[in-house]
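Note that these values count all heavy atoms, side chains included, but never hydrogens, waters or copies made by symmetry.
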Amino acid sequence: MATENKAKPSTVTNKGKKRKQYLPHNKAVKKKGAYPLRPGVQGFFITCDGGRERQAAHEALDVIDSFFEELVNGKDFREEPAVLPNKPLNKKITFSYSDDEGDDDDDKGDGEGEEEGQEEVIKSNASKEIDASQESLTNKDLDHPNSDDVCHGKVTEENSDNQKDGANIENQADNSEEPPAKKQCLETDTSKSATNEKEKSIDKLIEAELNELGDKSKRLFFNLDSGCNGVVFVQMRKRDGVPSPKDVVQHMMTSAASTRKHMSRFILRVLPVEVACYSSEEEITRAMKPLVEQYFPVETQNPRKFAVLYEARANSGIDRMKIINSVAKSVPAPHKVDLSNPDMTIVVEIVKTICLIGVVEKYKELAKYNLRQLTSPKQ
């Protein structure tokens, strides 16, 4: 009875508080899903319909990858130019019941009659020659009674010589026909070996590409968790000699505006992000320095007009005008602010505590980089 009345061990103490749960070996538990957005990354800021973040992320990876390959290879894989034939494809076809066959038969009949007449004339001439030869032979026989053996011997020798010559000619023909066959066999073998090598090389390339896709460290584009509804961020790894996010997005928007071809179902707007930092004035002014050196040089003969586009999500503790002024003051003097007709637009997107900065061209002309509006039919 005493053992039954003993209290069972529990995680709740006498004061009603739960005990602390310690992780094994002091390791943090990795959360499922994409890694969170952090400073020091570059990529693409994408807006989509609320609740469609996962579908928009998969779609954005495919679209961005296709335009990136176009820039690298210098080819447009999505558009196939229509090949027009130089000559019309219509041809005249004669059927078995057509009238043309009767005329052909008549022509054939006349030709056959002429050929038969020529054959009869040739036969008559040949018979006359044979009779003349027989008469000459009879005269020779009277003069030379033992000439039969001589003639027969000559004929047999000539026949044997002719047979030998024919056999030699046939052997030569066979020998002359053999090498092309051997060459054909060699050509087929070389073609088979070439095709096998091509197949092996293609298989190796596919395996290498699959290995790269499987290895996350070798991926060029991958999704990061923004933590906001209706926002997707695709990170692009920094590599030398590779087009920047600005180049990829600019190519995407110009091609969409020219072709008006439907590209996505869930993506709304795509903006390039070249700098990511914490959302404070000091960090923003520090992060703007490389962008200013690249797009707004001090010593230039063609000063540019620019505007600042600001938008914040899930962060209401930052003063809007302070951020805009800090970005505008970081641009040197030769360049001026023009909100009505700017040459370049500095995009500032704040997501929670992260500030994303990028530079775009023709922002208003390209429908504010809205893919859905660019690809929609004109009304």
Side-chain angles (χ1 to χ4, degrees), residues 34 37 41-81 219-237 242-276 307-313 341-351 354 356-379:
L37 183 61
V41 297
Q42 68 172 8
F44 308 91
F45 179 83
I46 300 166
T47 59
C48 63
D49 297 327
R52 298 289 187 176
E53 291 82 9
R54 185 175 61 83
Q55 293 90 337
H58 289 296
E59 196 174 52
L61 288 172
D62 295 335
V63 174
I64 291 167
D65 193 13
S66 64
F67 281 102
F68 177 79
E69 287 181 357
E70 287 180 14
L71 274 180
V72 171
N73 299 322
K75 295 179 182 179
D76 192 356
F77 297 102
R78 294 171 294 102
E79 295 182 2
E80 294 181 358
R219 290 181 187 176
L220 186 61
F221 305 105
F222 54 93
N223 181 30
L224 293 181
D225 186 14
S226 63
C228 294
N229 292 331
V231 176
V232 175
F233 188 83
V234 176
Q235 182 183 354
M236 179 179 176
R237 291 190 182 275
V242 169
S244 63
K246 176 184 175 297
D247 298 333
V248 177
V249 175
Q250 189 75 27
H251 176 58
M252 184 189 303
M253 296 302 157
T254 52
S255 63
S258 61
T259 59
R260 290 196 171 270
K261 185 178 180 180
H262 180 72
M263 299 178 187
S264 64
R265 181 182 176 186
F266 305 103
I267 297 172
L268 295 177
R269 183 175 295 172
V270 183
L271 295 171
V273 175
E274 299 183 72
V275 172
V308 180
L309 175 68
Y310 174 86
E311 194 171 359
R313 289 177 174 81
N341 189 19
D343 297 329
M344 306 194 79
T345 304
I346 302 173
V347 180
V348 180
E349 295 281 349
I350 292 177
V351 180
I354 307 298
L356 308 173
I357 305 172
V359 180
V360 296
E361 297 177 3
K362 299 180 181 180
Y363 182 72
K364 292 182 179 179
E365 289 85 344
L366 294 174
K368 297 181 179 180
Y369 281 53
N370 193 322
L371 265 183
R372 185 175 293 180
Q373 190 173 352
L374 280 174
T375 55
S376 61
K378 292 181 180 181
Q379 294 179 356

Any non-hydrogen side-chain atom of [X] less than 4.5 Å from a side-chain atom of [Y]?
{"X": "Asp49", "Y": "Leu268", "answer": "yes"}
{"X": "Tyr310", "Y": "Ile350", "answer": "yes"}
{"X": "Thr47", "Y": "Arg313", "answer": "yes"}
{"X": "Val273", "Y": "Pro245", "answer": "no"}
{"X": "Val351", "Y": "Phe45", "answer": "yes"}
{"X": "Lys368", "Y": "Tyr363", "answer": "yes"}
{"X": "Glu365", "Y": "Asn341", "answer": "yes"}

Residues in ring-ring contact (aromatic ring centres under 6.0 Å, His included) contact with Phe266, at least two apart in sequence or another chain = none

task = Could you check Met236 against Val242 for side-chain contact (heavy atoms from CB on, under 4.5 Å), going step by step and ending with a plain yes or no?
result = CA-CA 10 Å; Met236 179 179 176; Val242 169; 3.5 Å; yes

ask   = Roughly how far, to the nearest 0.5 Å, is CG of Leu374 from CZ of Arg372?
value = 12.5 Å

message = As an exercise, state the distance from CE of Met263 to CE of Met252, rounded to the nearest 0.5 Å.
response = 7.5 Å

inquiry  = Applying the side-chain contact (heavy atoms from CB on, under 4.5 Å) criterion to Val270, which one of Leu371, Val248, Val232 satisfies it?
reply    = Leu371

task = Identify the residue among Ile64, Ile267, Leu61, Leu356 that makes a side-chain contact (heavy atoms from CB on, under 4.5 Å) with Phe44.
result = Ile64

ask   = Which side chain to side chain donor-acceptor pair (under 3.5 Å) pairs, counting each pair once, include a residue from residues 50-64, with sequence neighbours left out?
value = none

task = Would you confirm whether His251, through its side chain, and Met253, through its main-chain N or O, come within 3.5 Å as a donor-acceptor pair?
result = no

inquiry  = My understanding is that only one of Gln250, Arg269, Lys364 makes a side-chain hydrogen bond (donor to acceptor under 3.5 Å, both in side chains) with Tyr369; could you say which?
reply    = Gln250

ask   = Would Val249 and Leu271 satisfy side-chain contact (heavy atoms from CB on, under 4.5 Å), going step by step from the backbone distance to the final call?
value = CA-CA 7 Å; Val249 175; Leu271 295 171; over 6 Å; no

